[in-house]
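First the structure, in the form of C-alpha cells, and then the observations on it.
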Amino acid sequence: MAVTLYDLGSASGLKKLDEYLLTRSYITGYQASKDDLTVYAALSKVPSAEYVNVCRWYKHIDALLRISGVSGEGSVVTVKSSLVAEAVATPPPADSKAAAADDDDDDVDLFGEETEEEKKAAEERAAALKASGKKKESGKSSVLMDIKPWDDETDMKKLEEAVRGVQMEGLLWGASKLVPVGYGIKKLQIMLTIVDDLVSVDSLIEEQLTVEPINEYVQSCDIVAFNKI
C-alpha cells in the first residue's frame, strides 16, 4: 500500500495523520517497518498530546528504535513537507500485473492530491528530458542516521553544525531532531539523501564524520535505515 503524507509540520497535517492512525498500529502493514521510520524522521519534534493516535504510534516507534530497531521492509511512503522534500521507503515488488492492480487500489494519498499545474509541469519536464537525450540519472538513496556525542556535556548545536558542514557532490542533508538516549545524553537523528554513484555512506562516516575536527563532538554513527529511492 502506497501512502503519501503532506505538511507534517502543520496542525492540519498532524490531524490527518492522527485520523489515519485511528485504526492502525503502523503506517503500513502489521509490523513496524521502514515506512514508520520515514514518517518518524519527518516529524521535527515529539507530537503534541492532542494528537492521541500520533503520540501513541510515535512513542512505540521511538521505543523500538532504542531497544531493537526496525527491520520490516515496508511498502512505499512519500513524505512532502517544509522539512523534508521527499523521503521514500523501499519500492514495492512488481511481480505481476495483478499485483500492480492491487497496489493501485490500495494507494492512499493523505492531505492533498496532485494539481493540474503539477501534472502539466511533470509532463513538461519529461518532454524536456526526452528531447535533450540525457542519460538516466544515477540512483539515489534515503538514509536515516543516528549520530552520538561523547557525553551529556557535548554541545549538540555545534555537533549538528559540524555534521552539516560536511559538503560533497551528491550529498543532501535533510530533517533532523535530538532524541534522548538516557543519562541526560541526546543523539542527533538526521536524514540525508545521496547519489549512489557519488557518495558511500560508509566512507562518509569513516572519512568525514568520525575524524578530526568533527570527532571532537561525534563519538559514533549508526545507520538506522537505508532505502533506495
Side-chain angles (χ1 to χ4, degrees), residues 1-9 13 17 20 26-29 31-45 54 57-58 61-62 64-65 69-94 103 107-112 114 118 122 125 136-148 160 163-179 187-209 218 220-229:
M1 178 179 69
V3 180
T4 301
L5 313 178
Y6 293 85
D7 300 326
L8 293 184
L17 180 59
Y20 177 75
Y26 303 104
I27 299 300
T28 58
Q31 64 175 340
S33 71
K34 293 176 181 176
D35 293 344
D36 294 282
L37 295 182
T38 298
V39 180
Y40 176 88
L43 295 171
S44 60
K45 58 183 179 180
V54 177
W57 165 84
Y58 185 95
I61 298 303
D62 188 65
L64 287 178
L65 287 174
V70 174
S71 58
E73 286 299 319
S75 300
V76 170
V77 169
T78 302
V79 176
K80 297 180 180 179
S81 72
S82 59
L83 291 176
V84 181
E86 186 169 321
V88 182
T90 307
D103 288 343
D107 283 359
V108 178
D109 188 357
L110 300 180
F111 326 155
E114 189 177 35
E118 290 172 334
R125 288 195 299 270
K136 185 178 179 181
E137 185 178 310
S138 172
K140 294 182 180 180
S141 296
S142 174
V143 184
L144 177 62
M145 186 182 296
D146 280 348
I147 300 179
K148 300 173 184 177
E160 182 170 356
V163 169
R164 291 185 180 276
V166 176
Q167 300 291 323
M168 61 178 66
E169 184 179 3
L171 170 64
L172 177 65
W173 296 105
S176 65
K177 60 186 174 185
L178 296 179
V179 179
K187 64 183 177 182
L188 174 69
Q189 193 164 82
I190 189 167
M191 290 285 294
L192 56 145
T193 301
I194 62 169
V195 176
D196 297 333
D197 289 346
L198 298 177
V199 180
S200 163
V201 178
D202 289 338
S203 296
L204 174 64
I205 293 173
E206 295 172 4
E207 300 174 10
Q208 299 285 344
L209 298 178
V218 175
S220 64
C221 303
D222 295 314
I223 299 172
V224 179
F226 190 108
N227 304 311
K228 294 291 185 180
I229 298 177

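In this structure, Leu198 and Gly170 approach most closely via the heavy-atom pair CD1-CA, 4.0 Å. Nearest heavy-atom pair, Ala175 versus Ala41, reported as atom, atom and distance to 0.1 Å: CB-O, 4.0 Å. Of all the heavy atoms in Val163 and Leu209, the pair that sits closest is CG1-CD2, 4.2 Å. Residues Ala225 and Leu37 come closest through the heavy atom pair CB-CD1, 3.5 Å. Taking both residues in full, the closest heavy atoms of Lys228 and Ser141 are given as CD-OG, 3.3 Å, listed atom of the first, atom of the second, then distance.
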Exercise for the section: Might you work through the side chain to side chain contact (heavy atoms under 4.5 Å, CB included) test for Met168 and Leu204, ending with a clear yes or no? Expected result: CA-CA 10 Å; Met168 61 178 66; Leu204 174 64; 3.9 Å; yes
Practice task
Begin with the C-alpha distance, continue with both residues' side-chain angles, and end with the deciding distance and a verdict on side chain to side chain contact (heavy atoms under 4.5 Å, CB included) for Met145 and Cys221.
Solution key: CA-CA 7 Å; Met145 186 182 296; Cys221 303; 4.2 Å; yes
Problem - Stepwise side chain to side chain contact (heavy atoms under 4.5 Å, CB included) check, Leu17 with Ile27 - result: CA-CA 9 Å; Leu17 180 59; Ile27 299 300; 4.2 Å; yes
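In this structure, the side chains of Val143 and Met191 stay at 4.5 Å or more apart for every pair of heavy atoms. Proximity of Leu144 to Asp222: side-chain heavy atoms (C-beta onward) are nowhere separated by under 4.5 Å. Val54 places none of its side-chain heavy atoms less than 4.5 Å from the side chain of Tyr20. The shortest side-chain heavy-atom distance between Phe226 and Ile194 falls under the 4.5 Å cut-off.
Under the 6.0 Å distance and 45° angle rule, Lys177 counts as a cation-pi partner of Tyr40.
Distance alone, capped at 3.5 Å, is enough to place a donor-acceptor pair between the Trp173 side chain and the Val166 backbone. A donor-acceptor contact shorter than 3.5 Å is absent between the side chain of Asp146 and the backbone of Gln189. Not one N or O on the side chain of Tyr26 forms a donor-acceptor pair closer than 3.5 Å with the backbone of Ile61. Between the side chain of Ser33 and the backbone N or O of Gly29 there is no donor-acceptor pair closer than 3.5 Å.
Between Asp202 atom CG and Ile223 atom CD1 the span is 5.5 Å, to the nearest 0.5 Å. Rounding to the nearest 0.5 angstrom, the gap separating the CG atom in Asp35 from the OG1 atom in Thr28 is 3.5 Å. Atom-to-atom distance recorded for Thr193:OG1 and Leu171:CG is 8.5 Å, nearest 0.5 angstrom. Put simply, CG on Leu192 and OG on Ser142 are 7.5 Å apart, with the number rounded to the nearest 0.5 Å. Separation of atoms NZ (Lys140) and CG (Asp196) is listed at 10.0 Å; rounding is to 0.5 Å. In this structure, CD on Gln208 lies 11.0 Å from OG on Ser200, to the nearest 0.5 angstrom.
Side chain to side chain, Ser176 and Glu160 meet the donor-acceptor criterion of an N or O pair below 3.5 Å.
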